[in-house]
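These notes concern the structure reproduced below.
In each ligand, atom 1 is the first atom listed, and ligand 1 is the first ligand listed. None of the values given here were measured: they were computed from a predicted structure.
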Amino acid sequence: MTTFIVLLGPPGVGKGTQAKILAETTNLAHVSSGDLFRENIKNQTDLGKLAKSYMDKGELVPDDVTIKMIRDRISRPDCSLGAILDGFPRTPAQAEALEAMLAEFNGQVDAVPYITAAESVLVERTGGRFTCRANGHIYHQTFNPPKKNGICDIDGSELYQRDDDKVETVTVRIRVYLEQTIPLVEYYRKLGKLIEINGAQAVEQVTKDLLAALKK
Ligand code: ADP
Ligand code: ADP
């Protein structure tokens, strides 16, 4: 038996934060498409170079390379029981590809928490986000500050502000989300898998709501 959970929601709503907490409480792997792209950029791979050209503009990386990257990732042994997918799928074509690849692994998407918040909240959260260089741990200058300024509590690496978290790029990312990802809300609702979660609450409350909804 596998369990695949897809976290759906706009940029900055708290998917990564919640995915990390859920991964710890459930022992499922955390698979973040954004983290995988950033790892490729850090390692200067061809995929990283390609992805960066889209990410810098706030646009989506093309479906074919994104799907291949995720297929490779969920084929790894740590996903044999399933995974929490954070940031994938983001287009209808990705959702269909996911269904096909999970069918191959005798799995399926079990639940799709859809985390929402007003645009002003997204701008505030991305604007204050700090990300850890080594492992992508997530902080916020006001809502979740590190103990030591600029240093990750968990692994001591440097914290940085993502280039695509500047407000102009966030505005583009929200528009791209509305155009290309919102169709997935109806797609998963029709399949009876969508669970709506209010993301405009404290981290702990969002986690409580998620765990309660996933138990059902
Ligand atoms: P956020 O967590 O703020 O939503 P991500 O780290 O998930 O941001 O994504 C950052 C960027 O990486 C996106 O703007 C996009 O360029 C690229 N990206 C991430 N996931 C996908 C995906 N599933 N399909 C296409 N591009 C993606
Ligand atoms: P996403 O993966 O959806 O882009 P993140 O989990 O990276 O979102 O969160 C975006 C920013 O908002 C981070 O700086 C994070 O620390 C902060 N954050 C996440 N959840 C909450 C919350 N419930 N309340 C306040 N800030 C939050």
Atoms of ligand 1 less than 4.0 Å from [X] heavy atoms?
X   : result
E59 : 15 (C), 16 (O)
Q94 : 22 (C), 23 (N), 24 (N), 25 (C)
S33 : 19 (C), 20 (N), 21 (C), 23 (N)
K15 : 4 (O)
G12 : 3 (O)
P11 : 3 (O), 4 (O)

task: Please could you name the atoms of ligand 2 that A202 approaches to less than 4.0 Å, counting only its heavy atoms?
output: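 Taking each heavy atom of A202 in turn, ligand 2 has 23 (N) under 4.0 Å.
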Per-atom contacts of ligand 2 with F143, taking only distances under 4.0 Å to non-hydrogen atoms: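 By the 4.0 Å cutoff, the relevant atoms are 25 (C), 26 (N).
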A quick test of your reading: do over 12 heavy atoms of other residues, nucleotides or ligands sit less than 6.0 Å from [atom1] of [X]?
X    : atom1 : answer
N43  : CG    : yes
E119 : CD    : no
E104 : CD    : yes
K52  : NZ    : no

Any carboxylate oxygen within less than 4.0 angstrom of a Lys/Arg side-chain nitrogen, looking at [X] and [Y]?
X    : Y    : value
E204 : K208 : no
R189 : E196 : yes
R73  : D78  : yes
D110 : K193 : no

Shortest protein heavy-atom distance from [atom], along with the residue and atom involved:
atom                    : value
atom 23 (N) of ligand 2 : Q201 O, 2.7 Å
atom 19 (C) of ligand 2 : T17 OG1, 3.5 Å
atom 13 (C) of ligand 2 : I138 CG2, 3.5 Å
atom 8 (O) of ligand 2  : G14 N, 3.1 Å
atom 2 (O) of ligand 2  : G16 N, 2.8 Å
atom 14 (O) of ligand 2 : Y139 O, 2.7 Å
atom 22 (C) of ligand 1 : R90 CD, 3.5 Å
atom 26 (N) of ligand 1 : V61 N, 3.0 Å

Mind checking whether [X] contacts ligand 1 via backbone (N, CA, C, O), side chain (CB onward), both or neither, at a 4.0 Å heavy-atom cut-off?
X    : answer
R129 : side chain
R162 : side chain
R38  : side chain
D164 : side chain
T66  : side chain

When you measure from the side chain of [X] to the backbone N and O of [Y], does any donor-acceptor pair fall under 3.5 Å?
X    : Y    : answer
T2   : G82  : no
N198 : A200 : yes
K15  : P10  : yes

task: For residues I70 and S33, determine if any side-chain heavy atom of one lies less than 4.5 Å from a side-chain heavy atom of the other.
output: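 Yes - at least one pair of side-chain heavy atoms lies under 4.5 Å apart.
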query: Taking the side chain as C-beta and beyond, is there a heavy-atom pair between D72 and K68 under 4.5 Å?
result: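 Counting from C-beta outward, D72 and K68 do come under 4.5 Å.
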task: Run down the list F88, F37, Y54 and name the one with the heavy atom closest to atom 18 (N) of ligand 1.
output: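 Looking at heavy atoms only, the winner is F37.
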field: R125, M55, R173, Q180: member with heavy atom nearest to atom 17 (C) of ligand 1
entry: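 Selected option, by shortest heavy-atom distance: M55.
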task: Answer yes or no for K57 and Y54: cation-pi contact, defined as NZ/CZ to six-membered ring centre under 6.0 Å and angle to ring axis within 45°.
output: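 Judged by the rule, K57 and Y54 form a cation-pi pair.
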message: Could you check whether any heavy atom of G9 sits closer than 4.0 Å to an atom of ligand 2, since that is the contact criterion I want to use?
response: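 In this structure, G9 fails to qualify as a contact of ligand 2 - no heavy atom is under 4.0 Å.
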message: Any heavy atom of Q141 closer to ligand 2 than 4.0 angstrom?
response: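 False for this residue.
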Distance-only N or O hit between ligand 2 and [X], under 3.5 Å:
X    : value
V203 : yes
F130 : no
G128 : no

- prompt: Are D63 and T91 linked by a side-chain donor-acceptor pair shorter than 3.5 Å?
  reply: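 Result is yes, a qualifying pair exists.
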message: My understanding is that only one of L28, L98, L8 makes a side-chain contact (heavy atoms from CB on, under 4.5 Å) with L85; could you say which?
response: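 With L85 as partner, side-chain contact (heavy atoms from CB on, under 4.5 Å) holds for just one option, L98.
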